[in-house]
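A note on names: the letters A, B, ... follow the listed sequences, proteins ahead of strands, and every chain is numbered from 1. Only heavy atoms go into these numbers, but all of them, side chains included; no hydrogens, no water, no symmetry mates.
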Protein chains: 2
Amino acid sequence: MTRKSEDAGRSTIRDVAARAGVSASTVSRVLGGMYPVSSATRTRVMRAVRDLDYVADARAKAVAGVATPTLAFVLEDITGPSFALMAHGVEREATRLGHLCLVCSTEGDVQNELEFVEMMRAQRAAAVILVGGAADTAEYRDRTRRMADSLASAGSRLVLCGRPPLGPGAPVTVIEYDNEGGAYALVAHVLAQGHRRVLFLGGKSDHTTAQGRERGYLAAHRARGLEPDPDLVRHGDFTRDSGHRLMRGALKDELEFTAVVAATDMVAAGALTALHEAGVDVPGDVSLAGYDDIPFARDLHPALTTVHVPYEELGRLAVRTALGRTPENSDQHLLLGTHVVVRNSVVPPRESGGAREAASLG
Amino acid sequence: MTRKSEDAGRSTIRDVAARAGVSASTVSRVLGGMYPVSSATRTRVMRAVRDLDYVADARAKAVAGVATPTLAFVLEDITGPSFALMAHGVEREATRLGHLCLVCSTEGDVQNELEFVEMMRAQRAAAVILVGGAADTAEYRDRTRRMADSLASAGSRLVLCGRPPLGPGAPVTVIEYDNEGGAYALVAHVLAQGHRRVLFLGGKSDHTTAQGRERGYLAAHRARGLEPDPDLVRHGDFTRDSGHRLMRGALKDELEFTAVVAATDMVAAGALTALHEAGVDVPGDVSLAGYDDIPFARDLHPALTTVHVPYEELGRLAVRTALGRTPENSDQHLLLGTHVVVRNSVVPPRESGGAREAASLG
DNA sequence: CTCCGCTCGGGAACCGGTTGCTATCCATGT
DNA sequence: ACATGGATAGCAACCGGTTCCCGAGCGGAG
C-alpha cells in the first residue's frame, strides 16, 4: 500500500523532503553523502526516497553544477563491421570512465553531421568523436575547423578518428592508424609471392582512407621498381556490393591479373563471391587480399589474408585521449600501427594462368 | 576581432542579452521564434548570438520545461551483426523522430543493465529499449518488471526487443520476431531435401532465443513423425568460435549426420570453417544452414541458406511503438515474421556419405 | 553556571533557461 | 484631443536541483 502506490509521475526532491519531514537541502545532502547528517534523519529520508522511487533529475543537477559527463560519437553507419568495432571501443571506454554515450549515424550526410554537433554543443558534451574517413576538400577542412573551434569555445573537444586531420593549430585531437603503411606491407607481401599484375579494388577516389590504401599499393610497386598498369586500379566504394560489381566488371573485361587486393574486407568478400560465381579458384587461379581484418575475414573460404587495424583500440584511445586531462597535450595526434595477417588467400601465382584463363575455361 | 574573440567558455543567455542591449526574455523569445519581436531587435539579438557563438544549454531548457526528447537502448555487444542492425534501425528512427539516442552495452552483465536503466530514469529518457535474448528466470522477470514499473512511474517506457516478455499487466512494449517459426521452416526445408540426421548447433540452453530455435528444430522433426537423436543437439553460445569448437567436437566424435543447422549465421560461419579444415565438402558431403541472414551470409562459400530476420525493422518498430502516442495500445506486443532464404548450402544428401565418411577420407 | 565549539538542519540564492503578466509606446478611430 | 488597442519588451516567478551561510541545540571544559 505504501510502496510506490503514490506514483502519479516523477516526484521532486521537495516531495521527498515533505514525506520525510525535512527540508530539500537535507534530502540533497543525504543523497550527496558528503555532509554530516544524523542517522535518524538519513533513515527517514532514505525511506521516503524508496517509497517514492525517487531519482534526482540529471538535467537539473547539471544546471546546478553537478553534471553527468557525456560524450558523443558520430559515424556514417554503425552496420559496417569496422565502425561497429570502433563504436564498441568508444562505448566501453566511455562507460568505464563514467560517461554517458550518445550516438548518431549521419548516413553520409554532411548536414546531419553539422546538426548533430550543434546538438552536442547544446548538451555540453565533454567530447565529440567523428569517426571514419571523408573527402579531404577545402570545404571539409573549413567546416570541420569551425566545428572544432565552436566546440572548443564551449569547453568541449572534437576528436577525429581515422579521419583527415586539419591543419596545425586547430583545437582537435586526431587518432589515426597507419593506413598507407598497412597497404604497402600487404601489397609488398603479394608482390613478394611473385605476382606482377595485381588488381586493386579501391574506394571513392576522393575519400582519404581509400586514397591512403591506394598510395600504399602504388608505393609498394615502386619500391620494387614496378609501375602498375593504370587499368588495374578500379574505384567503387567500401561495400560488399561494390566489390562484387567491380570484380564482375574486371572479369567481363578479360583483364589480366593473378592477384586482387581489395580496399576493405567487405569489398574482398564481394569480389570473392564474384570470383566463385565465375568459376575462378581462389587462391589457385587468383590470390585475394583484403583490409581491416574484420572478424569474418577468417571464415571466408579461403581464409582471407588482410591487414589488421586495431579498430576497437582506436575507439578506446579516442575517448581516453579526448578526456585526458593534461592540458599540455592539447593538440594531440596519435598514429596506431597496422600489420598484415597472413592467411590462406594469397599464394604464389601459377607459372601460367590467372583470372583470364580460369574464367574462359570455366 | 569581433567574432568569437571573446570566447572564454560558454556564454549564457544573459551575456547575449547584454551584448544586444535587451533583456534575457527577449533573447529567449527571438530564439524561440514564436513571439512577436521587432525586426530591429531580432537583428541585434541574432548578431549577438552569432558573435558569441551562443547555443542554449539543453539541460537548462529541459529543466524549464522544453525538453530534448531522448531515448536509450541497451544491448549486449554492438559488435554482433544482428545487434548492429537493430541498433541502426533504432538510431535511424529515433533521429527521424527528433530524439537523441543514448547507447550502452552491458557485456552481458546484469548489474550494468540495472545501473544504466537507473541513469536513464534520471535523464528522463522517453523510452528505454532492451535488446537481445536473455535467460527467462523468475529473477529475470522480477527484475525486469521492477524496471518497467519504475520507468513507467517516471513517465517513461520500457521496450523489450527480441527479449522474453513479462507476464500480462506489466507496463512494457514487446517486439519480437517469429523465432521458433523461422527455425521450424528452415529445418522443415532441410528435412524436405531428404536429410534425416541433422546436427543442431545451439546456443546457451537457458537463453530464450536459443530455446526458441531449438524448439523449432524439434517441432519440424515431430511434424514429420521423426524424433531427433539427442546426441545431435549440442550447446554452446552464439559466437563464431562456438560454432567452430562444436563442429570440431562433432567431427572428432565421429558423429553421423548429413546436415548441420546452426543457431546463428556466426555459428554457421565457424562451423563452416571447421568443416573446410577437416576436408569436408559443403554442401557436397554435408549441408549447412544458419539463422539471422546477416549481410555476410551470402559471401560465405557456399552461400548460406538461412532464415531472414527483419532486425533493422525490429529496431525501427521498437522506437515507433514506444513513442507511439495512442494510450489505448499501452501494453503492446508485436510479432514480426521471418522467412527462410534459400541459397546454396543445403542440397539433398548423397545416397551414402555424410560427415563421417568425408572426414575419414580427408 | 557560563562559554565555546561542534553537529546538524533550514532559508535563500543561484544555475540557465522559459513564460505569464504588466507597462510603455505609438498609431489609429472618432 | 482623447480613448482604444496592438505591438514590444521587461520584471519576476518558476523548473528541480545544490550549496553557502547561519542559527539552534547540545555536551564538555573552565
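Both B:Gly65 and A:Ala24 lie close to DNA chain D; mapped to their nearest nucleotides by heavy-atom distance, the more 5′-ward contact belongs to B:Gly65. Of the two residues near DNA chain C, A:Thr26 and B:Ser25, the one whose nearest nucleotide lies more 5' is A:Thr26. Judged by closest nucleotide on DNA chain D, B:Ser23 is the one of B:Ser23 and A:Leu31 placed further toward the 5' end.
At whole-Å resolution of the value, CE in A:Met34 and P in C:dT7 are 17 Å apart. The CD1-P distance, from A:Ile13 to D:dT19, rounds to 11 Å in whole Å. One can place NZ of B:Lys61 at 9 Å from P of C:dG17, the figure rounded to the nearest angstrom. Distance, B:Arg59 CZ to C:dG17 C1': 12 Å, rounded to whole Å. The CG-P distance, from B:Asp57 to C:dT18, rounds to 10 Å in whole Å.
Below the 3.5 angstrom threshold, one finds a donor paired with an acceptor across the side chain of B:Arg29 and the base of D:dG10. A donor N or O paired with an acceptor N or O is not found under 3.5 Å between the base of D:dA7 and the side-chain atoms of B:Tyr35. At a cut-off of 3.5 angstrom, the base of C:dG17 holds at least one donor-acceptor pair with the side chain of B:Arg14.
Of all heavy-atom pairs spanning B:Leu160 and B:Pro165, the tightest one is CD2-CA, 4.4 Å. Closest approach of A:His333 to A:Glu176, counting heavy atoms only: NE2-OE1, 2.8 Å.
Enclosure of atom CZ in B:Arg92 is not indicated, since only 12 or fewer non-hydrogen atoms of other residues, nucleotides or ligands lie within 6.0 angstrom.
Nearest nucleotide to the B:Arg124 side chain, out of C:dG10, C:dG17, D:dG17: D:dG17. Between C:dG16, C:dC21, D:dG17, one nucleotide has an atom nearer to the side chain of B:Ala60 than all others, and that is C:dG16. Checking C:dG10, C:dG17, D:dG17 against the side-chain heavy atoms of B:Ala56 singles out C:dG17 as nearest. Ranking D:dA12, D:dG16, C:dG9 by closeness to the A:Thr12 side chain, first place goes to D:dG16. Looking at the side chain of A:Ser38, the nearest of the listed nucleotides D:dA12, C:dG9, C:dG16 is C:dG9.
Between the side chains of A:Ser28 and A:Ser25, no donor N or O sits under 3.5 Å from an acceptor N or O.
A:Tyr54 has no side-chain polar atom (N or O) that falls below the 4.0 Å cut-off from OP1 or OP2 of D:dG16.
As judged by a 4.0 angstrom heavy-atom cut-off over every strand, A:Ser28 is placed among the base-contacting residues. Among the atoms of the strands shown, base atoms are found under 4.0 Å from some heavy atom of A:Val63.
A distance-only check finds no donor-acceptor pair linking the side chain of A:Arg121 to the backbone of A:Leu151 [under 3.5 Å].
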